[in-house]
Amino acid sequence: MSSTPYTRFQTTLHSVLSKIDFEHGSNTLFDNPQHIHKKEITIHGDDGKPKTMNAFRVQFNNARGPYKGGIRFHQEADEDEVKALAALMAIKTAVVNIPFGGAKGGVQVNPKELTKGEVQKVAREYVRAFQENLGADIDCPAPDVNTNPDIMAWMRDEYETLTRSYSPAMITGKPLSFGGSLGRDSATARGGFFILQEMVDRLALDPSDMRVAIQGFGNAGAHMAKFLHNAGYIVVAVSDSQGGIYSPEGIDPVRIAKYKEKTGSVTGEYCEGSVCDISRMNMDSVEQVTNEQLLEIDCDILIPAALDNVITADNADRIKAQYILELANGPTTPEADVILDKKGKRIIPDVLANAGGVTVSYFEWSQGRSGEQWTEDIVDDRLKKVMLDAYKSVRRESRRENLTYREAAFAVGIKRMFDAMTVRGWL
Ligand code: NAD
């Protein structure tokens, strides 16, 4: 039977549970989410015709605090994928030790085929469908693939209208003008950058010798490319859904982002420009690569920052990078993990590497509740501390229990969830 996102999560979970010493040592403890909510939502398109789509909110565990996790608009978002992403969120919030549980949402739709008005209708219908399950103390969504601050703002507005309340903390990743936090837009990449920089420092490596390939040039990937470029790393390859570009001498991600913005036409909420358009710029050393080729490029650091299940048993053997920083959720399968570990590759796993997003979402939630507005420096300092503390816990667990960083991160997260469940008398 072929694996699915959720069976891959369970494989990792069971492998970790078998290696660590649990008082209640049950293999089935975190097998199922606490709640799976699914509904069909219908909007009326601009042509007047109804469009119906599946929508999901999966609430994995809330022992440590309100459920927290993004909403994805994607044609392949199904119950199994949303379940796996919710489970990863529960581990992630525990790894960075913020007072949240884990959840995830999804709408099975290709939003790039919708107009901006139709995207807004989907956002508002989603909130109408799951209103009873959402709230600052219950479950707070955030952006994920193909959702953005505008969509978060429409969702907050819909929720406040339905509940006749003022509820800025019911959702995060909002625009700055509507209850957002400074630093939230770049937080996922910023958090990953802090960890990568710490690793590079500890290994006494020189950033200017480090060649980096990044798959995905959206929120996570494009910000990461910019941070690395500005810190002196050589970004040799970037890609998006249409393909990628490679230059051994390095490419300037800031120039690419500007070019993509300038040449891309915007329909609905989404930019249609591609990093591939760059071949039209006067850059002789740049060649086009496919997304599959990008993963196998000769580089030191590989950063998957697009979708899941891209590093598998089929290509793991050909990955040349020594370090893999997972900004995407679930990019590496358990089989690939084993192959890469045997080859001595170091993986900074998703539940640690991309936790900067949910950490600044926590800061936004706190600001929404207190009415404060933190400066960008405060956000940055606090994010750095949270990320480096989490990295330290994972390193320590890895050394103590002889685990890979992924196993160690799962162990740290599971133990913290387990402690909270014990206090609540759930065990
Ligand atoms: P995004 O929608 O802003 O960008 C996604 C990027 O991936 C785009 O450049 C898109 O063109 C590219 N892409 C799509 N399909 C692709 C394919 N088949 N091959 C290569 N590239 C492809 O999304 P994002 O917010 O940057 O999320 C990217 C990943 O990071 C996801 O796995 C998401 O779950 C994870 N993540 C995001 C956040 C966040 O705060 N945004 C937080 C944690 C994790």
Side-chain angles (χ1 to χ4, degrees), residues 5 68-77 81-82 84-86 88-89 91-93 95-96 102 104-106 110-112 119 141-152 172-174 180-181 183-192 213-226 237-245 253 256-257 260-261 264 268-277 289-295 302-311 325-332 349-364 383 387:
K68 186 93 192 81
I71 299 173
R72 175 174 291 201
F73 287 0
H74 197 274
Q75 57 279 16
E76 279 161 28
E81 179 183 78
V82 178
L85 291 165
L88 287 176
M89 284 307 299
I91 305 273
K92 194 182 303 181
T93 53
V95 169
V96 283
K104 203 81 180 189
N110 181 357
K112 294 180 185 174
V119 170
D144 192 68
V145 174
N146 290 337
T147 53
N148 60 22
D150 283 352
I151 294 172
M152 300 303 110
T172 58
K174 300 179 295 293
S181 174
R184 175 62 185 89
D185 56 345
S186 58
T188 302
R190 192 86 184 130
I214 304 176
Q215 183 182 64
F217 204 71
N219 177 292
H223 280 114
M224 190 64 176
K226 191 182 73 188
V238 295
S239 71
D240 57 28
S241 57
Q242 298 177 49
I245 51 166
I256 293 172
K260 192 170 155 149
E261 219 169 87
E269 279 288 289
Y270 307 99
C271 176
E272 281 189 341
S274 165
V275 298
C276 304
D277 299 340
V289 288
T290 63
N291 265 298
E292 292 72 36
Q293 287 168 332
L294 179 137
L295 297 168
L302 175 63
I303 305 186
L307 298 179
D308 69 340
N309 201 23
V310 292
I311 304 177
L325 182 87
E326 296 182 338
L327 285 189
N329 281 308
T332 312
D350 46 11
V351 289
L352 173 63
N354 69 32
V358 74
T359 301
V360 177
S361 272
Y362 163 50
F363 297 164
E364 183 177 329
L383 173 63
M387 295 306 292

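Positions are given from 1, in the same order as the sequence printed here. Just so you know, these numbers use all the heavy atoms, side chains as well, and skip hydrogens, waters and symmetry mates. Start at 1 and go down the list; that is how both ligands and their atoms are numbered.
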query = Is there a heavy atom of R72 sitting under 4.0 angstrom from any atom of ligand 1?
reply = yes
Closest approach of any protein heavy atom to [atom], naming residue and atom:
{"atom": "atom 10 (C) of ligand 1", "answer": "S241 N, 3.9 Å"}
{"atom": "atom 7 (O) of ligand 1", "answer": "A306 CB, 3.5 Å"}
{"atom": "atom 30 (O) of ligand 1", "answer": "L327 O, 3.3 Å"}
{"atom": "atom 38 (C) of ligand 1", "answer": "T188 OG1, 3.4 Å"}
{"atom": "atom 23 (O) of ligand 1", "answer": "V145 CA, 3.8 Å"}
{"atom": "atom 3 (O) of ligand 1", "answer": "N219 N, 2.9 Å"}
{"atom": "atom 18 (N) of ligand 1", "answer": "L307 CD1, 4.1 Å"}
{"atom": "atom 19 (N) of ligand 1", "answer": "N291 ND2, 3.3 Å"}

Is it the case that the side chains of [Y] and [X] hold a donor-acceptor pair, with the cut-off being a distance below 3.5 Å and no angle test?
{"X": "N219", "Y": "D185", "value": "no"}
{"X": "T172", "Y": "R184", "value": "no"}
{"X": "E326", "Y": "N354", "value": "no"}
{"X": "K174", "Y": "S181", "value": "no"}

Considering only heavy atoms from C-beta outward, does the side chain of [X] approach that of [Y] to under 4.5 Å?
{"X": "D144", "Y": "F73", "value": "no"}
{"X": "N148", "Y": "P143", "value": "no"}
{"X": "K92", "Y": "L352", "value": "no"}

List every atom of ligand 1 that sits less than 4.0 Å from any heavy atom of [X], numbering the atoms from 1 in the order shown and giving each element.
{"X": "A220", "result": "26 (O)"}
{"X": "D240", "result": "9 (O), 11 (O), 20 (C), 21 (N), 22 (C)"}
{"X": "A328", "result": "29 (C), 30 (O), 32 (O), 35 (C)"}
{"X": "D144", "result": "33 (C), 34 (O)"}
{"X": "R184", "result": "40 (O)"}
{"X": "N146", "result": "2 (O)"}

message = Looking at D350 and G330, would you say the former's side chain and the latter's main chain have a donor-acceptor pair under 3.5 Å?
response = yes
Q215 side-chain N/O to S239 backbone N/O, donor-acceptor pair under 3.5 Å = no
query = Among N354, V360, I214, which one has a heavy atom closest to atom 43 (C) of ligand 1?
reply = N354
key: Closest candidate by heavy atom, reference atom 28 (C) of ligand 1, pool P143, A305, G330   = A305
ask   = Which heavy atom of P304 sits nearest a heavy atom of I311, and at what distance?
value = CG-CD1, 4.2 Å
note = Heavy atoms of I214 and A305 approach each other most closely as CG2-CB, 4.3 Å
message = Taking distance alone, with N or O pairs closer than 3.5 Å, would you say F217 contacts ligand 1?
response = yes
ask   = Taking distance alone, with no angle check, do K112 and ligand 1 share an N/O pair under 3.5 Å?
value = no
ask   = Salt-bridged, R72 to E81, with N to O below 4.0 Å?
value = yes
